[in-house]
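Notes to accompany the following structure.
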Amino acid sequence: SQGLLRSDSIPEVGEDAAATVSMAETLSEEERDELRKELAKVEEEIQTLSQVLAAKEKHLAEIKRKLGINSLQELKQNITKSWQDVTSTTAYKRTSETLSQAGQKASAAFSSVGSVITKKFEDVRNSPTFKSFEEKVENFKSKVGGSKPAGGDFGEVLNSAANASATETIAEQTEDETH
């Protein structure tokens, strides 16, 4: 009548065989019969539960087949659910905020560096040395090109000077070949 509520211990798998034998000797025949009945009942319940579980799994598979759900779709759903779980955690939110702030600070720093570089280029272009160099290039251009008036932006002046220099080199090579 006590069944699962008995207070005496049941030997675990791997316990000393002598302890098991001595316990079996202390049980009365009535207690042994009761334990055998209980054992049969538990084994029957386990078998019934296994059959019910197998039937439920079969029913589940049939429903999924009818819905067109396959293993890949289940995997996608599991990943989506897991990602949602991760993104809803406090740790993720804090990390995301921290990275966002770091990105904003880095962006501001790069912008600041760009401004500093632009300012330095302006300072160089306005320096007396650069102005002197620019004048020399313009003088060279006017001597070589001749047709355009001096002025224009520095890029045009350099391109003209490079073209004139290349033309002059080709003319010199042609002259050397004819002599």
Side-chain angles (χ1 to χ4, degrees), residues 1-127 129-130 133-134 153-159 162 166:
S1 69
Q2 290 180 347
L4 294 175
L5 300 176
R6 293 178 60 119
S7 62
D8 55 346
S9 67
I10 299 173
E12 294 290 325
V13 175
E15 278 192 16
D16 189 68
T20 305
V21 171
S22 67
M23 181 178 232
E25 292 174 358
T26 61
L27 293 176
S28 69
E29 194 60 39
E30 184 180 311
E31 290 173 324
R32 287 183 190 188
D33 286 342
E34 186 178 325
L35 285 176
R36 285 188 193 112
K37 287 177 188 176
E38 189 174 345
L39 177 63
K41 182 180 174 187
V42 171
E43 286 176 343
E44 184 180 326
E45 287 174 351
I46 290 172
Q47 185 178 11
T48 303
L49 289 172
S50 294
Q51 290 170 349
V52 169
L53 180 60
K56 292 285 185 185
E57 287 175 340
K58 185 177 178 182
H59 184 64
L60 175 70
E62 182 65 21
I63 292 171
K64 286 181 179 181
R65 186 189 63 74
K66 287 179 180 176
L67 289 174
I69 299 174
N70 59 29
S71 299
L72 183 59
Q73 289 170 325
E74 285 186 75
L75 179 63
K76 286 179 185 177
Q77 289 173 350
N78 288 342
I79 289 172
T80 301
K81 173 81 170 88
S82 296
W83 180 247
Q84 288 172 346
D85 292 346
V86 167
T87 57
S88 66
T89 63
T90 305
Y92 176 85
K93 289 177 182 174
R94 285 182 185 160
T95 302
S96 179
E97 288 171 8
T98 301
L99 290 175
S100 176
Q101 291 172 357
Q104 290 170 356
K105 288 178 181 178
S107 178
F110 287 133
S111 176
S112 170
V113 167
S115 298
V116 168
I117 290 172
T118 302
K119 175 78 172 103
K120 288 295 180 187
F121 278 134
E122 288 174 6
D123 291 348
V124 167
R125 188 159 189 195
N126 293 330
S127 72
T129 306
F130 186 84
F133 176 72
E134 191 173 31
D153 73 5
F154 183 66
E156 290 175 4
V157 171
L158 283 179
N159 284 334

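Position 1 is the first residue of the sequence; numbering continues from there.
No donor-acceptor pair closer than 3.5 Å links the side chain of Gln101 to the backbone N or O of Thr98. Ser107 contributes no side-chain N or O that, together with a main-chain N or O of Gln104, makes up a donor-acceptor pair within less than 3.5 Å. Side-chain N or O atoms of Ser50 include one that pairs as donor or acceptor with a backbone N or O of Ile46 at under 3.5 Å.
With respect to the salt-bridge test (charged N to carboxylate O, under 4.0 angstrom), the residues Glu122 and Arg125 do not qualify. Between Lys37 and Asp33 no salt bridge is recorded (no basic side-chain N to carboxylate O distance below 4.0 Å).
Counting only heavy atoms from C-beta outward, the side chains of Leu53 and Glu57 approach each other to under 4.5 Å. With a 4.5 Å cut-off on side-chain heavy atoms, Leu72 and Lys76 count as touching.
Atom CD of Glu62 sits in a crowded spot, with more than 12 heavy atoms from other residues, nucleotides or ligands closer than 6.0 Å. Around atom CD of Gln47, no more than 12 heavy atoms belonging to other residues, nucleotides or ligands sit under 6.0 Å away. Residue-environment remark: CD (Glu30) stays at or below the threshold of 12 foreign heavy atoms within 6.0 Å.
For the atom pair Lys120 NZ and Ser115 OG, the distance stands at 13.0 Å (nearest 0.5 Å). For the atom pair Arg65 CZ and Asn70 CG, the distance stands at 13.0 Å (nearest 0.5 Å).
Within the structure, the side-chain hydrogen bond (donor to acceptor under 3.5 Å, both in side chains) test picks out the following pairs touching residues 78-97 (sequence neighbours left out): Lys81-Asp85.
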- Kindly indicate, with the supporting measurements, whether the criterion salt bridge (charged side-chain N to carboxylate O under 4.0 Å, His left out) is fulfilled by Lys41 and Glu38. CA-CA 5 Å; Lys41 182 180 174 187; Glu38 189 174 345; over 6 Å; no
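Annotation for Ile69 and Glu74: closest pair CG2-CG, 3.6 Å, computed over non-hydrogen atoms.
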